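Everything below concerns the one structure shown next.
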Amino acid sequence: METGTSRVKRGMAEMQKGGVIMDVMNAEQAKIAEAAGAVAVMALERVPSDIRAAGGVARMADPTIVEEVIKVVSIPVMAKARIGHYVEAKVLESLGVDYLDESEVLTPADEVFHINKREFTVPFVCGAKDLGEALRRINEGASMIRTKGEPGTGNIVEAVRHMRFINSQIRKVTNLSKDELYNEAKNLGVPYELLLEVHELGKLPVVNFAAGGVATPADAALMMHLGADGVFVGSGIFKSDNPEKFARAIVEATTHYTDYKLIAEVSKNLGAPMKGIDIATLTPAERMSERGR
Ligand SMILES: O=C(CO)[C@H](O)[C@H](O)COP(=O)(O)O
């Protein structure tokens with residue numbers, strides 16, 4: 001049984017299109033994000049780069065933080081549950097969040113099963129690095145997809161790879177004949193009907209945002225150029241020298257992603273972006289994008 005209609009759940013994500021969703025750790029940051037023009041905020045205890053630095057098990061945020069953020073902003077509030085953690089998701093739903101992120105940024109609670117998102121009234125966003133992952137999450141009830149990227153690195157390279165790969169897989173599926181789709185569905189480990197939808201639409205049946213490693217206005221614009229429907233930014237804003245300026249500049253660059261003069265203008269005197277990490281220095285266990293398939 002599905003709770004809430006897919007049309008409404010997916011429609012809510014459609015309304016965020018072209019915008020920036022910002023990670024915030026408290027009410028003050030939530031107000032900065034809203035004033036900068038964020039279309040939604042993600043309430044969490046630590047941004048991904050702090051999660052990397054802290055080590056240990058990363059869980060859902062203290063409900064106090066989530067409630068505090070809900071209280072101070074009028075834009076939608078999202079929150080993260082661990083992959084497979086049904087109860088964290090139910091708790092966050094009970095707090096009245098507008099969207100849930102079943103996120104690889106937190107330590108997975110289940111190595112095999114994701115949450116059955118169809119059982120929830122609140123819509124979900126999930127990460128994906130290829131078409132198979134994206135369609136499996138949609139089959140479980142996700143109403144929005146985002147690239148996984150490599151969160152907390154300030155390095156855009158993985159988000160670029162995931163966006164390019166998903167889009168190239170979609171192009172391939174669009175060109176297959178209907179009878180070839182059965183084999184492709186088997187190869188990708190996804191239901192035939194969903195793959196048929198991609199074949200007919202020429203895109204995912206839900207919006208696909210970019211996430212994981214966006215650290216500058218130009219990074220955000222690059223992801224839009226590559227076909228993202230919008231952008232999530234976590235560490236890039238609140239681990240930069242000047243969060244207010246970065247937040248505003250990233251929103252401007254996302255909205256006007258082909259206006260290179262404007263992107264140059266908003267990129268002036270921003271102060272230092274977050275330092276960032278070379279992906280090659282990460283061990284396999286440190287790669288959050290490998291969590292949850
Ligand atoms: O929601 C997210 C993933 O669940 C984050 O917003 C995103 O991945 C943040 O990554 P980064 O800190 O690199 O911007």
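All values reported here derive from a predicted model rather than from experimental measurement. First listed ligand is number 1; within each ligand, the first listed atom is number 1.
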Practice item. Please test Lys9 against Thr5 for side chain to side chain contact (heavy atoms under 4.5 Å, CB included), starting from the C-alpha separation and ending with a verdict. Key: CA-CA 6 Å; Lys9 289 174 173 175; Thr5 68; over 6 Å; no
Practice item. Check the side chains of Ser289 and Glu158 for a donor-acceptor pair under 3.5 angstrom, ignoring hydrogens and angles. Key: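 Absent: no donor and acceptor within the cut-off.
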Check your understanding: Are Glu180 and Ser177 linked by a side-chain donor-acceptor pair shorter than 3.5 Å?
Key ->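 Per modelled atom types, Glu180 and Ser177 side chains form a pair under 3.5 Å.
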**Study point:** Distance (rounded to the nearest 0.5 Å) between Ser103 OG and Ile51 CD1
**Key:**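 The distance works out to 7.5 Å.
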Review point. Nearest 0.5 Å, what's the SG-NZ distance between Cys126 and Lys148?
Key: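 Rounded to the nearest 0.5 Å, the SG-NZ separation comes out at 9.5 Å.
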Practice item. Please say which of Thr147, Val231, Val20 ends up in a side-chain contact (heavy atoms from CB on, under 4.5 Å) with Val214. Key: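 Testing each of Thr147, Val231, Val20 against Val214, the sole residue satisfying side-chain contact (heavy atoms from CB on, under 4.5 Å) is Val231.
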What does the N/O contact table under 3.5 Å look like for ligand 1?
unit_1, atom_1, unit_2, atom_2, d
ligand 1, 1 (O), Lys80, NZ, 2.4
ligand 1, 1 (O), Asp101, OD2, 3.1
ligand 1, 4 (O), Lys80, NZ, 2.5
ligand 1, 4 (O), Asp101, OD2, 2.6
ligand 1, 4 (O), Ser103, OG, 2.6
ligand 1, 4 (O), Arg146, NH2, 3.1
ligand 1, 6 (O), Asp23, OD1, 3.0
ligand 1, 6 (O), Asp23, OD2, 3.3
ligand 1, 12 (O), Ser235, N, 2.7
ligand 1, 12 (O), Ser235, OG, 2.5
ligand 1, 13 (O), Gly152, N, 2.8
ligand 1, 13 (O), Gly213, N, 2.8
ligand 1, 14 (O), Gly234, N, 2.8

